[in-house]
Amino acid sequence: MEDNVTKGKVSLISKLAYGMGDVGCNFSWMFVGNFLMIFYTDVFGIGMGAVATLMLVSRFWDAINDPIIGSLTDKTRTRWGRFRPWLLFGAPITALVLVLTFWAHPDWSQTAKIIYMAVTYCILVLGYTCVNLPYGTLCGAMTQDIDERASLNTSRSVSAMIAIGIINIVTVPLIEWFGGENASYGYLSVAILYGIIFAACHLFCFHKTREVVEVPREQRLPLRVQLKAVMKNRPYLLALLGQLLFGFILYGRNADMLYYFTYVEGSANLFSFYSLAIIVPSIIGAACFPMVFRWTENKGWTAAIFSLLTGLSMIGLYFFSPKDSAIPFYLLAALSQFFFSGFNTAIYAIIPDCVEYGEWKTGIRNDGFQYAFVSLGNKIGMALGTSLLALALGSAGYVSNAVQNDTVISIMRHAFSTLPGVLWVITAGCLLFYPLNKKTYNRIVEELGKK
């Protein structure tokens with residue numbers, strides 16, 4: 001064991017357990033990202049304007065709690081480490097809040113609905129932060145070996161792609177199976193099931209992972225000093241920009257997908273077929289990240305390549321339909337998901353390496369604090385993507401459970417293909433400036449080890 005720690009190697013069971021953590025994350029957050037907006041408008045009966053406002057206002061809440069939780073994880077000192085205890089205690093509580101969030105009350109007044117939506121959603125966001133932020137930071141505490149970190153993030157991404165595929169394939173049929181004609185009961189039942197999976201995956205991750213990277217004793221540094229150190233960390237700032245764009249594109253498009261298949265293509269069940277077509281390419285794409293990284297030796301460039309190809313594939317989707325031209329549609333869908341999965345692996349693999357760069361550059365190591373702003377950037381992107389979609393649909397005259405006008409249909413089509421496609425190309429251009437390659441990183445770790 002001592003030899004493994006010295007070499008920075010991580011056991012297979014720990015890699016699997018770390019990957020299972022992201023399975024749990026997606027059974028909560030991807031379920032929320034893909035289904036909560038349409039649940040609010042079409043099942044709970046809340047107006048599109050109120051949903052859009054919530055998505056924007058809740059980010060102010062994130063701006064407060066993310067850095068606080070990040071700083072608290074940095075200050076945590078237990079026999080289990082700094083980050084793992086948060087999984088143990090936070091996951092069961094967050095699972096309960098997930099269930100409450102999908103508990104619809106369509107007979108309530110509009111005011112009561114909005115209050116309930118705001119309270120449960122904000123508590124859910126806080127709970128998810130308390131679990132996902134330390135989970136994401138845990139990778140950097142398990143090893144300093146850049147290849148092992150790439151392997152850990154590959155395990156995470158492959159597991160996530162499997163989970164996302166399963167969620168997207170089975171959720172609509174499960175809602176119909178559990179609820180029948182009562183969609184609100186179907187959503188609640190699925191939330192209970194997914195909440196159990198969320199908690200179980202994180203408890204398994206807690207039990208089978210270990211924190212072995214030694215860190216400086218608690219640094220009581222004011223927020224101003226930590227922010228100043230972060231501003232000197234160029235690789236981190238680019239990773240932060242990548243996460244902001246990532247959240248905006250991914251969650252905006254995901255929120256649109258069920259609307260797209262329901263109202264543009266005419267059947268919500270096509271969402272399950274679409275998800276079935278992309279699950280295998282998504283797994284293969286995530287597993288291909290280490291090979292491309294070995295070629296580029298730069299995780300930012302690797303992410304840029306995957307992002308560019310994702311964007312081009314998505315733009316092509318605009319010209320085809322699963323009903324009229326199924327083969328090219330599903331082929332492009334598979335390609336876009338293959339490339340996206342590689343990007344997803346790369347963008348998360350970047351973050352732990354930025355911690356060492358920051359410590360080398362400024363003498364300050366604040367894993368949790370840095371990951372907090374990465375999480376915040378991702379959530380701000382999510383808020384902008386989903387709220388702008390809701391505002392656009394609402395202003396164009398969206399009416400739940402009805403035939404939509406041409407403008408609404410056009411917004412749904414572009415939000416599914418061309419808009420995210422162009423933004424992925426822009427993201428690729430930004431990440432080409434990422435400066436931290438493998439040789440530089442290894443030199444930084446060697447110099448830190450001599451201090």
Side-chain angles (χ1 to χ4, degrees), residues 26 29-41 48 51-52 55 160-161 163-165 167-169 171-172 242-265 268 270-275 277-279 281-282 285 303 306-322 329-330 332-344 347 377-394 396 398 408-428:
N26 281 286
W29 205 240
M30 194 55 64
F31 177 46
V32 168
N34 287 7
F35 295 92
L36 186 61
M37 190 167 130
I38 199 168
F39 165 78
Y40 280 151
T41 59
M48 190 70 81
V51 174
M55 296 301 174
M161 291 304 113
I164 292 169
I167 292 165
N168 290 341
I169 291 168
T171 299
V172 171
Q243 283 288 337
L244 176 65
L245 291 167
F246 177 39
F248 182 83
I249 305 165
L250 174 67
Y251 292 106
R253 183 175 189 261
N254 283 357
D256 175 70
M257 279 203 289
L258 200 52
Y259 288 103
Y260 171 82
F261 286 109
T262 301
Y263 295 108
V264 178
E265 302 297 349
L270 285 172
F271 178 64
S272 296
F273 290 112
Y274 172 85
S275 303
I278 65 177
I279 186 170
S282 69
F306 281 121
S307 181
L308 173 64
L309 295 173
T310 302
L312 295 177
S313 302
M314 281 191 181
I315 292 170
L317 278 172
Y318 179 80
F319 302 99
F320 303 100
S321 164
F329 177 86
Y330 285 114
L332 284 168
L335 282 173
S336 66
Q337 190 65 22
F338 171 85
F339 296 127
F340 164 74
S341 297
F343 171 84
N344 181 71
I347 197 66
N378 188 273
K379 289 177 183 176
I380 289 174
M382 174 185 180
L384 291 172
T386 53
S387 60
L388 287 176
L389 173 67
L391 287 171
L393 291 175
Y398 172 82
V408 170
I409 294 296
S410 179
I411 291 171
M412 291 177 179
R413 285 193 68 203
H414 283 291
F416 178 76
S417 54
T418 56
L419 287 176
V422 170
L423 288 170
W424 280 125
V425 174
I426 293 173
T427 303

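Numbers for residues simply follow the sequence, beginning at 1. Keep in mind it's a predicted model, so treat the numbers as computed, not measured.
For the 3.5 Å distance criterion, the side chains of Tyr398 and Tyr259 fail to qualify, holding no donor opposite an acceptor.
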Audit row: Trp29, Met382, side chain to side chain contact (heavy atoms under 4.5 Å, CB included) steps and yes/no:
CA-CA 11 Å; Trp29 205 240; Met382 174 185 180; 3.5 Å; yes
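In terms of heavy atoms, Gly165 sits closest to Ser275 at O-CB, 4.3 Å. Scanning both residues, Gly421 and Met314, for their nearest heavy atoms gives CA-CB, 4.0 Å. Across all non-hydrogen atoms, the minimal contact from Gly342 to Phe306 is C-CD1, 3.4 Å. Counting all heavy atoms, side chain and backbone alike, Ala415 lies closest to Leu389 at CB-CD1, 4.1 Å. In terms of heavy-atom proximity, Thr262 sits nearest to Leu258 at OG1-O, 2.6 Å. Here the closest heavy-atom approach between residue Val172 and residue Ser272 is recorded as CB-OG, 4.1 Å.
In this view, Phe31 and Phe35, Phe102, Tyr194 satisfy the ring-ring contact (aromatic ring centres under 6.0 Å, His included) rule, not counting sequence neighbours. Every residue meeting the side-chain contact (heavy atoms from CB on, under 4.5 Å) condition with Ala396, not counting sequence neighbours, appears here in chain and number order: Thr407, Val408, Ile411. Annotation: ring-ring contact (aromatic ring centres under 6.0 Å, His included) contacts of Phe273 (sequence neighbours excluded): none. Evaluation of the side-chain contact (heavy atoms from CB on, under 4.5 Å) rule for Leu250 yields Met30, Phe246, Asn254, Phe340 as partners, not counting sequence neighbours. Not counting sequence neighbours, the partners of Phe248 by the side-chain contact (heavy atoms from CB on, under 4.5 Å) test are Leu384, Leu388, Leu423.
A donor-acceptor distance shorter than 3.5 angstrom exists from the side chain of Ser387 to the backbone of Ala383, with no hydrogens or angles considered.
To the nearest 0.5 Å, atoms CD (Gln337) and CD1 (Ile279) are separated by 9.5 Å. Atom CD1 of Ile278 and atom CD1 of Ile164 lie 8.5 Å apart (nearest 0.5 Å).
The distance between the ring centers of Trp424 and Phe339 does not fall below 6.0 angstrom.
Among residue pairs with one or both ends in residues 243-253, those qualifying as side chain to side chain donor-acceptor pair (under 3.5 Å) are Gln243-Asn378, Arg253-Tyr274; sequence neighbours excluded.
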